[in-house]
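Have a look at the structure below, then the notes.
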Amino acid sequence: MSLSGVRVTAVESRPAGVIGASQSPSHRPIGARVKAFVALTKPRIIELLLITTVPVMFLAQQGVPDLQLVLLTCLGGYLSAGGANALNMYLDRDIDALMDRTSQRPLVTGMVSPRECLAFGIGLAVVSTLLFGLAVNWLSAWLSLGALLFYVVVYTMILKRRTAQNIVWGGIAGCMPVLIGWSAVTDSMSWAPVVLFLVIFFWTPPHYWPLSMKVKEDYARVGVPMLPVIASNKVVAKQIVLYSWVMVAVSLLLTPLGYTGWFYTAVALAAGGWWLWEAHALLNRAKSEVAGGKLKEMRLFHWSITYVSLLFVAVAVDPFLR
């Protein structure tokens, strides 16, 4: 089939959940099974979500929030995001079996069965919602559940395989932790978490598109129309630069709105300036039509993680310096 002029070869799917499995999942070693269930939650991705949750709690408190509340919010956030990720793997098990970067996921290797994964994901969703509602507050609970449903239903089931805008709008789920962090402390909303929500919204596409450029053959093989699959590197890089400029501009709104001071502003300017340098460097390389390792698209991907970490650390530290 073709996606906007890009030919995609149909590949027969291998049965997910039995690949490499000579025995049923329940007969596998206990330690390996535990690791597999942890892997279903995608811990590395959740690290980023917690990095954006906890600092916002410091900003909302204008100091050190209740540590028990922080722990409960982090636990609830991990369980909720973990449930969403497990359900994502359940729904994507057919294409995960065909992509190199996902070929070792627990459902593909047979370490966890599809039924177990589905029950695990639903169980985490229920437990996390109740934990938030009973131990934190119900506003945080509904925000958490909304993020989970958005990621599973809107992104995974509707957008991912249908549009190149999948990561743009699907990324809304990854923006929700800043709202949850604020609501956990205040049981309300304000402009500060909205601004930080928008920072993550505009951060997500230029964070993920460089990785998609690196593995676009994987996505093309399974018919997922990530932007780098259906557009040239130059077009993708131009979009990255556009989103980057908006992201940096939005990040600077917190100070004139009165939520942050000189420290956050300095970090946002320095980190944002370096981001824009890397984004424009990627665009220049794409315009020169370099390919392979010379494109160095992963430089921006790795910097994007450092950027968001620095920015949110500044969010947490700034209240102590005002």
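Here the closest heavy-atom approach between residue Met89 and residue Ala39 is recorded as CE-O, 3.3 Å. Taking all atoms of both residues into account, the shortest heavy-atom contact from Val315 to Pro55 is CG1-O, 3.6 Å. In this structure, Leu72 and Val136 approach most closely via the heavy-atom pair CB-CG2, 4.2 Å. Of all non-hydrogen atoms in Val70 and Pro65, the two that sit nearest each other are CG2-CG, 3.5 Å. The two atoms that bring Val154 and Ile158 nearest to each other are O-CB, 3.3 Å, heavy atoms only. Closest non-hydrogen pair, Pro205 versus Ile167, comes out as CA-CG2, 4.3 Å.
One finds the CE atom of Met213 at 4.5 Å from the CG atom of Leu295 (value rounded to the nearest 0.5 Å). Distance NZ/Lys35 to CE/Met111: 9.0 Å, rounded to 0.5 Å. Interatomic distance, CG of Leu59 versus CG of Leu196, reported as 7.0 Å (0.5 Å rounding). Summarising the geometry, atom OG1 belonging to Thr52 is positioned 12.0 Å from atom CD belonging to Glu47; distances are rounded to the nearest 0.5 Å. With rounding to the nearest 0.5 angstrom, the OG atom of Ser183 is 4.5 Å from the CE atom of Met189. Considering OG1 of Thr73 and CD of Gln68, their distance stands at 10.0 Å, rounded to 0.5 Å.
In this structure, the side chains of Pro210 and Ile240 come closer than 4.5 Å at one or more pairs of heavy atoms. The shortest side-chain heavy-atom distance between Tyr307 and Trp203 falls under the 4.5 Å cut-off. Contact of the Ile30 side chain with the Arg33 side chain is not registered, since no non-hydrogen atoms from C-beta on lie closer than 4.5 Å. With contacts defined as side-chain heavy-atom distances shorter than 4.5 Å, the pair Met176/Tyr151 does not qualify. When side chains are defined from C-beta on, Leu67 does not count as touching Leu71, because their heavy atoms never get closer than 4.5 Å. Contact annotation: the side chain of Thr53 never approaches that of Cys74 to less than 4.5 Å [non-hydrogen atoms, C-beta and beyond]. For the pair Asn85 and Leu40, the minimum side-chain heavy-atom distance is 4.5 Å or more. Side-chain contact between Arg299 and Glu278: present, with at least one pair of heavy atoms (C-beta onward) separated by less than 4.5 Å.
In Lys42, the NZ atom is crowded: over 12 heavy atoms of neighbouring residues, nucleotides or ligands sit closer than 6.0 Å. For Arg322, the CZ atom sits in a packed shell: over 12 heavy atoms of surrounding residues, nucleotides or ligands are nearer than 6.0 Å. Enclosure of atom CD in Gln62 by more than 12 non-hydrogen atoms of other residues, nucleotides or ligands within 6.0 angstrom is indicated. Atom CH2 of Trp142 is surrounded by 12 or fewer heavy atoms from other residues, nucleotides or ligands within 6.0 Å.
Side-chain atoms of Tyr78 and Thr41 include a donor-acceptor pair closer than 3.5 Å. For the 3.5 Å distance criterion, the side chains of Thr156 and Asn88 qualify, holding a donor opposite an acceptor. A donor-acceptor contact under 3.5 angstrom links the side chains of Asn137 and Ser140, judged on distance only. In this model, a donor atom of one side chain and an acceptor atom of the other lie less than 3.5 Å apart for Tyr219 and Arg101. Side-chain contact of Trp275 with His280: a donor-acceptor pair under 3.5 Å is absent, judged by distance alone. Inspection of the Ser190 and Tyr259 side chains reveals an N or O donor paired with an N or O acceptor under 3.5 Å.
Clustering ILVMFWY residues whenever any of their side-chain heavy atoms sit less than 4.5 angstrom apart, transitively, puts Ile95 in a cluster other than the one holding Ile45. Follow the hydrophobic side-chain contacts under 4.5 Å out from Leu310 and you never reach Trp277; the two are in separate clusters. Both Phe320 and Val185 are assigned to one and the same hydrophobic cluster, defined by single-linkage of ILVMFWY side chains at heavy-atom distances under 4.5 Å. Phe58 and Leu257 fall within a single hydrophobic cluster, where Ile, Leu, Val, Met, Phe, Trp and Tyr side chains are chained together by heavy-atom contacts under 4.5 Å. Both Met298 and Val241 belong to a common hydrophobic cluster when Ile, Leu, Val, Met, Phe, Trp and Tyr are linked at side-chain heavy-atom distances under 4.5 angstrom.
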Let's go through Phe201 and Trp169 carefully: what are the C-alpha distance in whole Å and the side-chain angles of both, what is the deciding distance for ring-ring contact (aromatic ring centres under 6.0 Å, His included) to 0.1 Å, and is it a yes or a no? CA-CA 8 Å; Phe201 177 81; Trp169 300 106; 5.6 Å; yes

Under the side-chain contact (heavy atoms from CB on, under 4.5 Å) rule, what do Val222 and Met99 come out as? Steps first, then yes or no, please. CA-CA 7 Å; Val222 297; Met99 296 176 64; 3.8 Å; yes

Checking ring-ring contact (aromatic ring centres under 6.0 Å, His included) for the pair Phe301/Trp209: CA distance, chi angles, key distance, verdict? CA-CA 8 Å; Phe301 173 77; Trp209 280 333; over 10 Å; no

Test side-chain contact (heavy atoms from CB on, under 4.5 Å) on Leu311 and Tyr264 and set out the steps. CA-CA 7 Å; Leu311 192 74; Tyr264 170 84; 3.8 Å; yes

Steps toward side-chain contact (heavy atoms from CB on, under 4.5 Å) verdict (Leu107, Asp96): CA-CA 9 Å; Leu107 281 176; Asp96 282 349; over 6 Å; no

Candidate pair Lys216 and Asn233, rule side-chain contact (heavy atoms from CB on, under 4.5 Å), full reasoning: CA-CA 11 Å; Lys216 65 181 178 182; Asn233 287 339; 3.6 Å; yes

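Applying the salt bridge (Lys or Arg N to Asp or Glu O under 4.0 Å) criterion to Arg162, with sequence neighbours excluded, gives no partner residue. With sequence neighbours excluded, the residues that form a salt bridge (Lys or Arg N to Asp or Glu O under 4.0 Å) with Asp218 are Arg221.
Outside the 6.0 Å centre-distance limit, the rings of Tyr155 and Phe150 are not counted as a close aromatic pair. Aromatic ring centroids of Phe197 and Trp191 lie 6.0 Å or more apart.
Side-chain atoms of Thr163 never come within 3.5 Å of backbone atoms of Leu159 as a donor-acceptor pair (strictly under, hydrogens ignored). Formation of a donor-acceptor pair under 3.5 Å by the Ser244 side chain with backbone atoms of Ala279 is not found in this model. Between the side chain of Ser128 and the backbone N or O of Ala125 there is at least one donor-acceptor pair closer than 3.5 Å. Gln239 contributes no side-chain N or O that, together with a main-chain N or O of Val236, makes up a donor-acceptor pair within less than 3.5 Å. Under the 3.5 Å distance criterion, the side-chain polar atoms of Ser251 are matched with a main-chain donor or acceptor of Val248. Under the 3.5 Å distance criterion, the side-chain polar atoms of Asp318 are left unmatched by any main-chain donor or acceptor of Thr260. Of the possible polar contacts, none joining the Ser288 side chain to the Val290 backbone as a donor-acceptor pair under 3.5 Å is found.
Sorted by first and then second residue, the ring-ring contact (aromatic ring centres under 6.0 Å, His included) pairs with a member in residues 82-110 form an empty list; sequence neighbours excluded.
In summary, Lys160 and Asp92 engage in a salt bridge, as defined by a charged side-chain N under 4.0 Å from a carboxylate O.
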